[in-house]
Student: 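Before I ask anything, here is the structure I am working with.
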Amino acid sequence: MLTATKTLPHVPIWRTLYRVNKIADNPIPFLNEGTKHLGDIFTSYIGPRKVIVTSNPEYIQHILQKNNKNYHKSKVVKEVLGSQLGQGLLTIDGDYWLKQRRLIQPGFYKQRLAELISIMTAETNDFCNELTRQVAQNPADDVLKLMMQLTFRIVNKALFSTALDNDKLHRVDYIITNLQKYVITMARQPYLYPWLKLSGKVAFYESLRRETDDIVYGIIKERREQKSAYNDLLDMLINSRYEDTGEGMNNKQLRDESMILIVAGHETSANALAWALYLISQHPEVEQKLLEEAATVLGNRTPAFEDLPNLQYTRQVIQETMRLYPPAWIIDRTALEDDEVDGYKIPKDCILLLFIYGTHHSPKYWKDPETFNPDRFSKENLKDLPNYAYFPFGGGPRLCIGNNFALFEMQIVLATLLRQFTFSLQPGQTIDLQPLVTLRPRYGVQMNIAKRIMATGGQQV
Ligand code: HEM
């Protein structure tokens with residue numbers, strides 16, 4: 001029986017109305033303010049939607065794990081994101097989600113990922129060779145853009161092997177960026193829909209979605225007709241069979257799951273890597289430790305699967321980067337039935353925002369939360385951290401399926417890039433947050449990139 005007794009603190013609607021556009025552009029300062037003044041659970045309005053915002057690890061664990069069956073993805077994820085990406089792991093719920101998760105999970109087991117490591121290293125090495133030629137001509141570039149290109153290439157190869165050539169790759173990248181803008185507008189300012197429809201924008205986004213459909217369906221059709229094995233994720237998706245029926249996925253299901261893996265699987269890692277390069281450029285002592293670790297573990301070798309556990313400091317830098325700049329900065333859910341957490345009532349149908357960014361910056365769990373300090377993630381220092389005080393990949397049954405893929409990929413990219421190049425922030429570059437579906441640096445990260453001079457034996461000088 002539910003016996004909720006506490007009243008949720010509340011931000012009155014008028015406090016949000018007069019700055020509705022500011023909040024739509026970047027809700028983080030508003031959510032931080034609410035947390036500071038009202039505590040780690042409160043209600044508010046985001047656009048026309050009443051929401052419960054929480055950054056309390058115990059409440060978050062309740063929602064994502066302990067009572068996860070009572071919480072489904074919100075309408076925005078299901079309907080808006082779902083209409084663009086399709087009905088795949090990220091956007092579905094209930095029995096169908098469980099069926100799909102069971103089918104797809106084996107593709108992300110560690111031993112299966114070990115086979116994808118060579119794809120990650122080969123793409124990263126090719127990328128470094130191209131970057132070497134590029135920076136010889138022009139050292140200035142936006143590392144966010146570069147990391148988007150690299151992680152997109154990696155996930156494309158892991159999924160489709162060679163099926164997307166460079167032109168198609170650029171086109172799909174462009175389309176995904178545009179569709180994301182649409183999803184965000186619909187999430188924060190749904191009242192703009194009639195205007196978007198009248199101005200032809202909805203038709204434009206529809207045409208983009210159809211274009212990606214044609215590309216992805218084309219790849220699936222071609223693959224079904226071919227006899228040869230590719231050993232990539234698409235082969236795994238095509239060949240997997242439902243336990244109950246023994247049948248495989250149809251083309252629509254394959255399209256939807258592929259689109260979701262491409263989108264979920266590249267932008268998150270790209271943001272984390274761009275933020276990491278920015279932070280490292282501001283902390284030469286961290287860079288030095290990274291270089292020493294890479295020299296000790298790898299010498300002159302390309303990283304192999306077995307090296308990854310030994311690139312421990314590299315992993316800590318990535319973890320600390322995702323604490324300060326969690327690429328998935330918020331998670332949303334809808335309550336299916338009335339529930340209660342720590343004496344607070346959570347009414348049926350209400351929207352919950354799990355404010356990852358807020359938890360990761362809370363002084364309750366992090367000493368000097370704004371300071372970049374990868375040592376926080378040493379085994380010794382992690383001992384006392386409460387569950388869900390750090391959850392960049394979500395948690396419970398819907399934990400990110402690609403978490404190990406992403407961590408391996410980021411270790412490889414960071415270790416390889418830093419051994420070959422130096423990155424320095426361009427003077428006057430403003431670094432600001434742009435929380436879209438993922439947390440991007442608003443103006444990119446403009447850097448000067450130079451080839452690092454290596455002494456013989458792989459020592460950095
Ligand atoms: C730094 C990189 C990444 C971050 C921070 C990240 C974060 C997340 C988070 C927070 C969720 C849970 C969302 C929720 O509960 O509502 C999630 C789910 C998911 N992620 Fe990731 N992700 C990353 C990389 C990847 C990669 C590389 C892939 C695939 C190749 C991927 C595929 C997915 C999928 C399919 C889901 C839905 C899983 C389900 O609900 O069963 N992600 N991710």
Side-chain angles (χ1 to χ4, degrees), residues 1-4 6 8 31 35 39-43 51-78 81 88-106 108-110 260 264 268 319 322-323 326-362 364-366 377 379 382-407 437-438:
M1 207 183 58
L2 301 176
T3 53
K6 296 194 211 164
L8 281 165
L31 297 174
T35 309
D40 55 18
I41 185 160
F42 60 91
T43 66
V51 295
I52 296 180
V53 182
T54 181
S55 51
N56 180 308
E58 194 190 318
Y59 307 164
I60 289 167
Q61 183 172 23
H62 176 86
I63 293 156
L64 289 182
Q65 195 180 346
K66 292 188 174 161
N67 199 19
N68 72 80
K69 287 213 164 73
N70 190 46
Y71 295 94
H72 275 185
K73 298 274 171 139
S74 73
K75 247 181 157 182
V76 169
V77 170
K78 284 216 257 223
L81 200 61
L89 276 187
L90 197 67
T91 55
I92 54 179
D93 275 306
D95 292 345
Y96 183 54
W97 166 79
L98 187 61
K99 209 171 145 179
Q100 293 301 94
R101 178 88 189 203
R102 286 199 177 133
L103 196 69
I104 297 171
Q105 185 77 56
F108 289 88
Y109 287 160
K110 278 202 178 155
I260 280 178
T268 39
Q319 287 170 313
M322 292 197 295
R323 182 187 67 80
W329 62 281
I330 204 155
I331 289 179
D332 63 358
R333 290 288 189 271
T334 303
L336 300 184
E337 297 296 337
D338 282 353
D339 191 16
E340 182 187 320
V341 63
D342 190 21
Y344 293 112
K345 180 175 177 186
I346 300 180
K348 178 176 179 323
D349 293 333
C350 88
I351 299 174
L352 289 123
L353 299 183
L354 313 183
F355 185 30
I356 303 185
Y357 183 96
T359 317
H360 286 190
H361 286 251
S362 168
K364 280 194 201 162
Y365 318 108
W366 307 98
F377 286 91
K379 281 199 185 92
L382 275 180
K383 277 197 318 251
D384 301 326
L385 192 67
N387 278 337
Y388 286 82
Y390 182 71
F391 61 117
F393 294 109
R398 305 211 59 160
L399 178 77
C400 174
I401 203 169
N403 62 345
N404 284 319
F405 181 112
L407 285 169
V437 176
T438 58

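Small disclaimer: the values here were computed from a predicted structure and weren't measured. One is the number of the first residue; the rest follow in order along the sequence.
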Student: With a 6.0 Å cut-off (strictly less than), is the heavy-atom count around NZ of K6, excluding the residue itself, greater than 12?
Tutor: yes

Student: Judged by atom type as modelled, is there a donor-acceptor pair below 3.5 Å linking the side chain of H360 to the main-chain atoms of F391?
Tutor: yes

Student: Using modelled atom types only, decide if a donor and an acceptor are shared between the side chain of D338 and the backbone of K348 within a distance under 3.5 Å.
Tutor: yes

Student: Do the non-hydrogen side-chain atoms of L89 and W97 ever get within less than 4.5 Å of each other?
Tutor: yes

Student: Using the test salt bridge (Lys or Arg N to Asp or Glu O under 4.0 Å), find all partners of R333 that sit at least two apart in sequence or belong to another chain.
Tutor: none

Student: Taking the side chain from K73 and the backbone from L90, do they hold a donor-acceptor pair closer than 3.5 Å?
Tutor: yes

Student: Take atom CZ of R101 as the centre, draw a 6.0 Å sphere, and report whether it contains more than 12 heavy atoms from other residues, nucleotides or ligands.
Tutor: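 It does: R101 CZ has more than 12 such atoms within range.
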
Student: Please give me the minimum heavy-atom distance between P347 and A335, naming the atom from each residue.
Tutor: O-CB, 3.7 Å

Student: Decide side-chain contact (heavy atoms from CB on, under 4.5 Å) for T438 and W329; before the verdict, give the C-alpha distance in whole Å, the side-chain angles of both, and the deciding distance to 0.1 Å.
Tutor: CA-CA 7 Å; T438 58; W329 62 281; 5.8 Å; no

Student: Does the side chain to side chain donor-acceptor pair (under 3.5 Å) test come out yes or no for Y388 and Q65, once each step is laid out?
Tutor: CA-CA 10 Å; Y388 286 82; Q65 195 180 346; 2.9 Å; yes

Student: If you look at every heavy atom in P392 and A328, which pair is closest and at what distance?
Tutor: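 Nearest heavy atoms, P392 then A328: O-CB, 4.3 Å.
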
Student: If we ignore hydrogens and angles and just use 3.5 Å, is the side chain of T359 paired with the main-chain N or O of A389 as donor and acceptor?
Tutor: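 No, because the side chain of T359 does not come within donor-acceptor range (under 3.5 Å) of the backbone of A389.
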
Student: Knowing that exactly one of T35, I346, L354, L353 qualifies, which makes a side-chain contact (heavy atoms from CB on, under 4.5 Å) with T54?
Tutor: L354

Student: First locate atom CG of L385, then atom CZ of F377, and finally report the distance between them rounded to the nearest 0.5 Å.
Tutor: 7.0 Å

Student: Within the structure provided, determine whether K345 and I52 are in side-chain contact (heavy-atom separation under 4.5 Å).
Tutor: no

Student: Which heavy atom in Y344 sits nearest to a heavy atom in L8, and how many Å separate them?
Tutor: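 That would be CD2-CD2, 3.6 Å.
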
Student: Please determine whether side-chain contact (heavy atoms from CB on, under 4.5 Å) holds for the pair Y390 and W366, giving the CA-CA distance in whole Å, both sets of side-chain angles, and the decisive distance to 0.1 Å.
Tutor: CA-CA 10 Å; Y390 182 71; W366 307 98; 3.9 Å; yes

Student: Is any side-chain heavy atom of Y357 closer than 4.5 Å to a side-chain heavy atom of L31?
Tutor: no

Student: Let me see the working for V341 and K66 under side-chain contact (heavy atoms from CB on, under 4.5 Å), right down to the final yes or no.
Tutor: CA-CA 11 Å; V341 63; K66 292 188 174 161; over 6 Å; no

Student: Would you say that K75 contacts T334 through its side chain, given a criterion of any heavy-atom pair below 4.5 Å between the two side chains?
Tutor: no

Student: With a 4.5 Å heavy-atom cut-off, do R398 and N68 have their side chains touching?
Tutor: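 In short, these two side chains do not touch, never coming nearer than 4.5 Å.
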
Student: When rounded to the nearest 0.5 angstrom, what is the spacing between CD1 in I351 and OG1 in T43?
Tutor: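 With rounding to 0.5 Å, CD1 (I351) is 12.5 Å from OG1 (T43).
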
Student: Would you say I41 and D342 make side-chain contact, with heavy atoms under 4.5 Å?
Tutor: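 I41 does not reach D342 side chain to side chain.
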
Student: The criterion is salt bridge (Lys or Arg N to Asp or Glu O under 4.0 Å); which residues satisfy it with D332, sequence neighbours excluded?
Tutor: none

Student: Distance from I60 atom CD1 to S55 atom OG, nearest 0.5 Å?
Tutor: 6.5 Å

Student: Given the rule in the side-chain contact (heavy atoms from CB on, under 4.5 Å) test, do D339 and H62 qualify, once you have shown the distances and angles that lead to the verdict?
Tutor: CA-CA 10 Å; D339 191 16; H62 176 86; 2.7 Å; yes

Student: I want to check something: taking the side chain as every heavy atom from C-beta on, are I401 and Q105 in contact at a cut-off of under 4.5 Å?
Tutor: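 Counting from C-beta outward, I401 and Q105 do come under 4.5 Å.
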
Student: Atom CG in N70, atom CD1 in I63: separation rounded to 0.5 Å?
Tutor: 9.5 Å

Student: Mind checking side chain to side chain contact (heavy atoms under 4.5 Å, CB included) for E58 and listing every partner two or more places apart, or none if nothing turns up?
Tutor: N56

